[in-house]
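Just below is one structure, and these are the notes that go with it.
Order of appearance sets the numbers: ligands from 1, and atoms from 1 within every ligand.
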Amino acid sequence: MLLSKLFVPITKDLPSEAKIKSHQLMLQTGMIRQSSAGIYSWLPLGYKVMKKIENIVREEQNNIGAQEMLMPTIQSADIWKESGRYDDYGEEMLRISDRQKREMLYGPTNEEQITEIFRSSVKSYKLLPQIFYHIQWKFRDELRPRFGVMRCREFYMKDAYSFDLNESGATLTYNKMFYAYLKTFQRLGLKSIPMKAETGPIGGDLSHEFIILAETGESKIYADKKVFDISIDRYKDEKASLEKMKNDFSKYYAVTDDKYKSTEFDKNVKKENQIETKGIEVGHIFYFGDKYSKSMNCSVDTKEGKKIFVKMGSYGIGVSRLVAAIIEAKYKDNKMKWPKSVSPYDVVIIPSINKNDSTNLTKAKKLYEELKKNSLDVLLDDIDENISNKFKKHDLLGIPFQIIIGSKSSKDLFEFKEVNFESKMLDLNQIIKQIKN
Ligand code: ATP
Ligand code: MG
């Protein structure tokens, strides 16, 4: 892509309404544009990053056998009345009525909808277990939308729902999801920590929030330093290994403020290992047994011919929030650096352009074609602008690799730079190797 043709409305001024770095950067680089409070349009650059995140989320859901589907954004109030949540949900739910005066709503989540689908067609234990997911817009009329897409009203979420015959089956499903989440965040270049969360009246220990560390996070967290050293690469997607994984994480204290008790923290974690900091919730998994299946009469026949209510769980990932969360986690020394897996482009070529001499630009265009032939997604900064301004702009854009074509480059050697590292002189093949590695 040529930068001159790309719609990235970069602004030099810091947007005054933005209080945190990710919000500033997303507005400044034209990734998003506010439409009304807490509602955003995703412009090409931002949308490209979000789609890459979405794909990684999707692949890891598919890897554990979850099946993708798509439920609507607008739901009928009837199913929410059945579950009893229509009144409970309160003002966060956007309620609307259609021309026949039927009560509808913009879905804040989909437990009712999926339970209705499931109960209408599954009657036998033989079809269990099942995991479904969709990636769809949600609306929650948050009291204080803030921090850009981090806490907004309309947001993009992956939500999965599981159906099992009994609690031991449901625990296995839960553990698979736990594993899929850790893998997903790892592929996004993030270190996520599962933290025990409130389970409400259901009790048990099957609710975790996945938190990534960031000074600007809204959740206060308290953790044993050792929990950060657990590597997920030692576990496999297989029953015993998954159970061990969850137990290994459970060994260490790691909670958000709603579960925090200072006496427990001091009792369980040595002073020198205590970490008190802030984080961003990027995912939440939850087992709730027959909460919805009972109220909505969703049952299956067992082998013995008994009717039982299916055991359900739900599992969310904030796909649009993740775009901002990655920025918060990665921004350093006034520079942005996207993880390779979600970067809008693999590499950017930055020629120093001189009105009277087109050598650098010609060279850059040739290199651009070569890199494209090698299946790299390349951005060429072909804009006639002072080189130091260009560098400032690319510090904001955060494409992880830069090729600078100026006085240092010779016939076959180009100045290659990975953000936050020293530059070096490489030829075409070496460059391709570096980027693909
Ligand atoms: P929070 O505690 O942040 O309000 P929640 O517990 O209401 O979140 P869930 O219902 O568990 O959220 O939703 C799953 C995921 O969706 C969250 O982990 C988060 O990443 C994302 N999410 C929730 N609310 C918002 C929002 N208002 N804006 C953007 N993303 C959100
Ligand atoms: Mg939550």
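Residue contact check: Val149 has heavy atoms under 4.0 Å from atoms 29 (C) of ligand 1. The contact set between ligand 1 and Gly318, taken as ligand atoms under 4.0 Å from a residue heavy atom, comprises 15 (C), 16 (O), 20 (O), 21 (C). Applying the 4.0 Å criterion to heavy atoms of Glu142 picks out, from ligand 1, the atoms 26 (C), 27 (N).
Salt bridge Asp248/Lys251: present, at least one basic N to carboxylate O contact under 4.0 Å. A salt bridge is absent between Arg321 and Glu281; no separation between the charged side-chain nitrogens and carboxylate oxygens falls under 4.0 Å. In summary, Glu243 and Lys239 do not engage in a salt bridge, as defined by a charged side-chain N under 4.0 Å from a carboxylate O. The pair Lys176-Asp237 meets the salt-bridge criterion, since a charged nitrogen lies less than 4.0 angstrom from a carboxylate oxygen.
Residue contacts with ligand 1 include Val282, since one of its heavy atoms falls under 4.0 Å from the ligand. Residue-ligand proximity: Lys138 is placed with every non-hydrogen atom at 4.0 Å or more from ligand 1. The shell of residues lying under 4.0 angstrom from ligand 1, judged by heavy atoms, excludes Asp159.
When the options Tyr156, Tyr315, Phe286, Phe155 are ranked by their closest heavy atom to atom 31 (C) of ligand 1, first place goes to Phe155. Across Glu92, Arg151, His284, Glu218, heavy-atom proximity to atom 3 (O) of ligand 1 is greatest for Arg151.
Considering backbone and side-chain N/O of Cys152, one or more are found under 3.5 Å from N/O of ligand 1. On a distance-only criterion, Glu281 and ligand 1 share at least one N/O pair closer than 3.5 Å.
Defined by atom type and a distance below 3.5 Å, a donor-acceptor pair is missing between the side-chain atoms of Gln61 and Glu68. Between the side chains of Asp266 and Tyr253, no donor-acceptor pair of N or O atoms lies under 3.5 Å.
Residue Arg140 touches ligand 1 through its side chain alone, judged by heavy-atom distances below 4.0 Å. With a 4.0 Å heavy-atom cut-off, ligand 1 is reached by the side chain of Arg321 but not by its N, CA, C or O. Only the backbone of Met150 comes within 4.0 Å of ligand 1, counting heavy atoms alone; no side-chain atom from C-beta on gets that close. In Met157, the part holding a heavy atom less than 4.0 Å from any atom of ligand 1 is the side chain.
In this pair, Trp80 and Tyr89 present their aromatic rings perpendicular. The plane angle is above 60°, beyond the 30 to 60° band.
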Show me the donor-acceptor pairs within less than 3.5 Å that the side chains of residues 146-153 make with the rest of the protein, sequence neighbours left out.
| from | atom 1 | to | atom 2 | distance (Å) |
| --- | --- | --- | --- | --- |
| Arg146 | NE | Glu218 | OE2 | 3.3 |
| Arg146 | NH1 | Arg144 | O | 2.8 |
| Arg146 | NH2 | Glu218 | OE2 | 2.5 |
| Arg151 | NE | Glu218 | OE1 | 3.0 |
| Arg151 | NE | Glu218 | OE2 | 3.3 |
| Arg151 | NH1 | Glu142 | OE1 | 3.2 |
| Arg151 | NH1 | Glu142 | OE2 | 3.1 |
| Arg151 | NH2 | Glu218 | OE1 | 3.2 |
| Arg153 | NE | Ala37 | O | 2.8 |
| Arg153 | NH1 | Asp141 | OD1 | 2.8 |
| Arg153 | NH2 | Ala37 | O | 3.2 |

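Among residues two or more places apart in sequence or in another chain, the salt bridge (charged side-chain N to carboxylate O under 4.0 Å, His left out) test is passed with Asp381 by Lys390, Lys393.
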